[in-house]
Amino acid sequence: DISLMVLTCYTYKGLWQPFLKLKNKYINYFKTYFCVDEIKDYQINENNLEIISYGKKSNVNRHGGNFFDRLLYYLDKIPTKYIIFFLDDMPPLGIVEEEKIYKIVNIMEREKIDYVKLSELTVPYSGQIITIDNINFTVANNSDKLFNTQPCLIKREIFIDMVNYCKTNNRIYQNGGLELYGTEYFRKYNIKCLKTVEDTVKISSPAGFVASGILDQTVRIMLKEKEDIDIETFKDGLIYELTNEEYNFVGDRFIREYKRRNIGQT
């Protein structure tokens with residue numbers, strides 16, 4: 001009763017094949033739900049993969065954004081009790097042991113745990129270390145950033161409830177709002193959280209390898225050398241060509257960064 005959920009958008013389509021190549025190499029034994037805003041003319045032919053298209057362009061602007069509506073739409077169509085959640089710029093970079101995933105789910109069932117971070121790089125988790133069934137976990141401190149968008153195992157019903165809380169209680173329609181108010185939700189409802197001390201899912205960095213649409217060049221070199229993956233980039237290292245529509249939808253933080261770098265409109 002476990003599936004993979006990959007959250008992405010058409011603007012970031014340059015990451016799709018690299019992500020799928022790494023997923024197929026390192027974690028290919030669960031059904032994947034590839035969650036996009038719109039698919040347009042792009043073809044994805046993968047075994048054991050279902051595309052869920054929202055049918056409208058993603059909008060992470062503070063006013064009128066659809067980020068949480070998109071998430072709820074995807075989650076409504078994913079039937080499994082447990083979800084391994086990925087963003088498109090945080091693919092696995094090492095073998096994810098199937099047996100360990102099942103052991104973690106069994107622990108979550110038995111110990112009433114709702115959410116487990118899977119990357120060693122989830123820095124905010126700095127509390128007590130406990131061992132359950134020969135797996136070392138860190139217990140999250142209440143002051144920590146409890147929810148973030150690094151790879152995790154989460155109960156679907158908790159994910160849905162958290163996104164509804166975020167949608168009702170804030171107007172930051174992007175990952176930052178999900179993390180900020182997701183953490184608030186976790187604290188308010190005393191959601192039980194753990195983190196695996198050692199990597200269950202190895203990632204490149206806590207922030208992924210794309211920031212404001214700009215590809216980390218160190219990661220680009222690593223992917224080419226280690227995985228024979230070449231991610232196409234455009235002007236100023238952007239992974240897409242910035243249209244006027246995309247510029248208007250990218251959100252305040254992106255616009256500030258683009259103005260600082262003199263990218264796109266001014």
Side-chain angles (χ1 to χ4, degrees), residues 1-13 15-24 27-61 64-92 96 98 101-102 104-105 108-109 114-118 147-170 172-175 177-179 181-182 185-186 189 191 201 208 249:
D1 206 13
I2 309 167
S3 62
L4 300 187
M5 175 182 179
V6 182
L7 182 62
T8 185
C9 63
Y10 186 78
T11 303
Y12 276 37
K13 63 185 181 295
L15 299 182
W16 291 359
Q17 289 304 325
F19 187 100
L20 292 172
K21 181 176 180 179
L22 292 165
K23 179 198 77 73
N24 290 338
I27 178 170
N28 65 353
Y29 40 83
F30 296 122
K31 181 165 183 177
T32 298
Y33 291 90
F34 204 70
C35 301
V36 303
D37 53 350
E38 50 188 1
I39 196 74
K40 293 187 178 179
D41 56 351
Y42 199 102
Q43 297 294 317
I44 295 177
N45 298 306
E46 293 279 342
N47 293 328
N48 208 24
L49 180 144
E50 182 176 329
I51 297 169
I52 306 177
S53 175
Y54 183 64
K56 296 180 183 178
K57 186 169 183 58
S58 62
N59 183 350
V60 296
N61 204 298
N66 61 18
F67 182 71
F68 300 119
D69 288 330
R70 285 170 51 219
L71 276 172
L72 291 170
Y73 179 84
Y74 304 141
L75 289 166
D76 181 62
K77 298 183 180 307
I78 296 175
T80 56
K81 182 176 181 178
Y82 288 92
I83 290 172
I84 303 177
F85 177 74
F86 283 97
L87 287 183
D88 50 16
D89 72 333
M90 291 191 198
V96 181
E98 183 178 9
I101 294 294
Y102 286 124
I104 292 171
V105 167
M108 293 174 75
E109 287 282 304
D114 301 306
Y115 174 80
V116 176
K117 298 302 300 180
L118 300 175
F147 180 85
N148 59 51
T149 53
Q150 293 155 12
C152 64
L153 241 173
I154 185 169
K155 290 180 179 175
R156 175 179 170 271
E157 63 180 21
I158 294 295
F159 206 166
I160 291 172
D161 202 39
M162 181 190 74
V163 175
N164 274 310
Y165 179 90
C166 292
K167 179 181 175 181
T168 303
N169 289 275
N170 83 96
I172 304 175
Y173 295 96
Q174 50 192 264
N175 292 337
L178 185 65
E179 293 181 333
Y181 293 96
Y185 166 84
F186 274 26
Y189 294 103
I191 301 301
V201 176
F249 281 175

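If you take CG on Leu153 and CD1 on Ile104, they are separated by 6.0 Å, rounding to the nearest 0.5 Å. Note that CD1 of Ile154 and OH of Tyr82 are 11.0 Å apart. Values are rounded to the nearest 0.5 Å. Remark: Ile39 CD1 to Ile51 CD1 distance equals 4.5 Å, nearest 0.5 Å. A distance of 10.5 Å separates NZ of Lys13 from CG of Asp37, quoted to the nearest 0.5 Å. Here Leu4 contributes atom CG and Ile27 contributes atom CD1; the two are 4.5 Å apart, rounded to the nearest 0.5 Å. Atom CG of residue Leu49 and atom NZ of residue Lys23 lie 6.0 Å apart, to the nearest 0.5 angstrom.
By the 30° and 60° cut-offs, the orientation of the rings of Phe30 relative to Tyr102 is perpendicular.
Scanning both residues, Lys167 and Leu72, for their nearest heavy atoms gives CD-CD1, 4.2 Å. The two atoms that bring Thr80 and Arg156 nearest to each other are O-CD, 3.2 Å, heavy atoms only. Residues Asp88 and Cys9 share a closest heavy-atom pair of OD2-N, 4.1 Å. In plain terms, the two heavy atoms of Asp1 and Pro79 that are nearest each other are OD1-O, 4.3 Å. Annotation for Phe186 and Met162: closest pair CE1-SD, 3.5 Å, computed over non-hydrogen atoms. The shortest non-hydrogen separation linking Glu38 to Trp16 is O-CH2, 4.2 Å.
A heavy-atom distance below 4.5 Å is not found between the side chains of Phe147 and Ile191. Between Phe34 and Glu46 the shortest side-chain heavy-atom distance does not fall below 4.5 Å. Looking at heavy atoms from C-beta onward, Tyr12 lies out of side-chain contact with Asp89 at the 4.5 angstrom threshold. The side-chain heavy atoms of Leu178 and Phe68, taken from C-beta on, include a pair separated by under 4.5 Å. No side-chain heavy atom of Ile52 sits under 4.5 Å from any side-chain heavy atom of Met5.
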request  = Show your reasoning for whether side-chain contact (heavy atoms from CB on, under 4.5 Å) applies to Leu75 and Ile83.
outcome  = CA-CA 9 Å; Leu75 289 166; Ile83 290 172; 3.5 Å; yes
| request: Evaluate the side-chain contact (heavy atoms from CB on, under 4.5 Å) criterion for residues Val96 and Leu118: first the C-alpha distance (whole Å), next the side-chain angles of each, then the deciding distance (0.1 Å), finally the verdict. | output: CA-CA 10 Å; Val96 181; Leu118 300 175; over 6 Å; no
Note to self: Is there a side-chain contact (heavy atoms from CB on, under 4.5 Å) between Ile84 and Ile101? Walk through the geometry before answering.
What the structure shows: CA-CA 9 Å; Ile84 303 177; Ile101 294 294; 4.0 Å; yes
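For Tyr54 and Tyr10, the ring centers sit 6.0 Å or farther from each other.
Under the side-chain contact (heavy atoms from CB on, under 4.5 Å) criterion, Lys31 pairs with Tyr33, Asn48, Glu50, sequence neighbours left out.
Between the side chain of Tyr74 and the backbone N or O of Val36, at least one donor-acceptor pair lies under 3.5 Å. A donor-acceptor pair is defined here as one N or O able to donate and one able to accept, closer than 3.5 Å; such a pair exists between the side chain of Asn66 and the backbone of Lys57. Distance alone, capped at 3.5 Å, is enough to place a donor-acceptor pair between the Tyr29 side chain and the Glu98 backbone. Under the 3.5 Å distance criterion, the side-chain polar atoms of Asn24 are matched with a main-chain donor or acceptor of Leu20.
Stacking of Lys77 on the aromatic ring of Tyr73 is recorded, both the 6.0 Å distance cut-off and the 45° axial limit being met.
Residue pairs meeting the salt bridge (charged side-chain N to carboxylate O under 4.0 Å, His left out) criterion with at least one member in residues 78-87, sequence neighbours excluded: Lys81-Glu109.
Residues Asp161 and Tyr185 bring a donor and an acceptor atom of their side chains to less than 3.5 Å of each other.
Between Glu157 and Lys155 there is no salt bridge, since no side-chain N of the basic residue sits under 4.0 Å from a carboxylate O of the acidic one.
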